[in-house]
Amino acid sequence: MMLLRGGVTFIKMDIEGSEYNALIGARKTIERNHPILAICVYHKRDDLLTIPNLIQNINENYKFYLRAYSRHAKEIVLYAVV
């Protein structure tokens, strides 16, 4: 069932460590629409490795970019773009 006309173009997640599981739940939407992803990767120690690996498994064409938004790089967002 598609609720949005034209599909999903952007997904942003800052859900306090549940990003990995949310991406698993969004897998079909990501496969179908190839949205830009902005995913926080600082809540869990392994997020910086496991989340890009998961996205790469969903679609190997994603390119990754990291940006730190706090002074001491504590808030890191992974951007994934096809």
Side-chain angles (χ1 to χ4, degrees):
M1 172 169 64
M2 178 61 79
L3 299 175
L4 301 173
R5 294 176 194 245
V8 176
T9 60
F10 184 79
I11 296 175
K12 177 184 178 221
M13 292 184 188
D14 184 2
I15 47 180
E16 307 305 316
S18 295
E19 291 82 2
Y20 187 88
N21 289 332
L23 286 166
I24 291 172
R27 182 181 194 108
K28 288 183 181 180
T29 299
I30 296 168
E31 287 173 342
R32 182 174 43 249
N33 297 289
H34 316 291
I36 296 169
L37 304 173
I39 312 296
C40 289
V41 292
Y42 61 89
H43 294 294
K44 292 183 178 177
R45 182 180 212 164
D46 294 336
D47 282 350
L48 196 55
L49 297 175
T50 60
I51 289 176
N53 284 336
L54 174 61
I55 295 169
Q56 195 84 71
N57 285 332
I58 294 171
N59 183 334
E60 64 185 23
N61 295 317
Y62 272 102
K63 304 280 189 248
F64 298 108
Y65 306 90
L66 289 174
R67 182 164 181 193
Y69 284 94
S70 66
R71 188 170 206 201
H72 300 289
K74 291 181 182 176
E75 296 178 3
I76 301 171
V77 177
L78 172 74
Y79 291 93
V81 181
V82 174

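Below, each value reflects all heavy atoms present in this structure, side chains not excepted, and no hydrogens, waters or symmetry copies.
- Note that the NZ atom of Lys12 and the CZ atom of Phe10 stand 7.5 Å from one another [nearest 0.5 Å].
- Atom-to-atom distance recorded for Thr50:OG1 and Leu23:CG is 9.5 Å, nearest 0.5 angstrom.
- Note: the hydrophobic cluster containing Met13 does not contain Tyr69 (ILVMFWY, side chain heavy atoms under 4.5 Å, direct or indirect links).
- Rounding to the nearest 0.5 angstrom, the gap separating the CG atom in Leu48 from the SG atom in Cys40 is 12.0 Å.
- Side chain of Gln56 to main chain of Leu54: no donor-acceptor pair is present (N/O by atom type, distance under 3.5 Å, no hydrogens or angles).
- Contacts of Asn21 classified as side chain to side chain contact (heavy atoms under 4.5 Å, CB included), with partners at least two apart in sequence or in another chain: Ile24.
- Distance check: Ile55 CD1 to Asn61 CG gives 13.5 Å after rounding to the nearest 0.5 Å.
- With sequence neighbours left out, Glu31 forms a side chain to side chain donor-acceptor pair (under 3.5 Å) with Arg27.
- Separation of atoms CD1 (Ile36) and OG1 (Thr9) is listed at 7.0 Å; rounding is to 0.5 Å.
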message: Determine whether His43 and Asp14 satisfy the following criterion, side-chain contact (heavy atoms from CB on, under 4.5 Å), listing intermediate values before the conclusion.
response: CA-CA 9 Å; His43 294 294; Asp14 184 2; 2.7 Å; yes

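- You'll find the side chain of Leu78 stays beyond 4.5 Å of the side chain of Asp47, heavy atoms only.
- Both Ile76 and Phe64 sit in one connected hydrophobic cluster of ILVMFWY residues. Membership requires side-chain heavy atoms under 4.5 Å apart, directly or through other members.
- With sequence neighbours left out, Glu16 forms a salt bridge (Lys or Arg N to Asp or Glu O under 4.0 Å) with no residue at all.
- A single hydrophobic cluster is seen to contain both Ile51 and Ile15, as judged by linkage of ILVMFWY side chains at heavy-atom distances under 4.5 Å, directly or through other members.
- Hydrophobic clustering keeps Val8 apart from Val81 (ILVMFWY residues linked when any side-chain heavy atoms are closer than 4.5 Å, directly or through intermediates).
- A distance of 7.5 Å separates CD in Glu19 from OH in Tyr42, rounded to the nearest 0.5 Å.
- Residues Leu66 and Val41 form a side-chain contact, since some pair of their non-hydrogen atoms from C-beta on lies under 4.5 Å apart.
- In this structure, the side chains of Tyr62 and Ile30 come closer than 4.5 Å at one or more pairs of heavy atoms.
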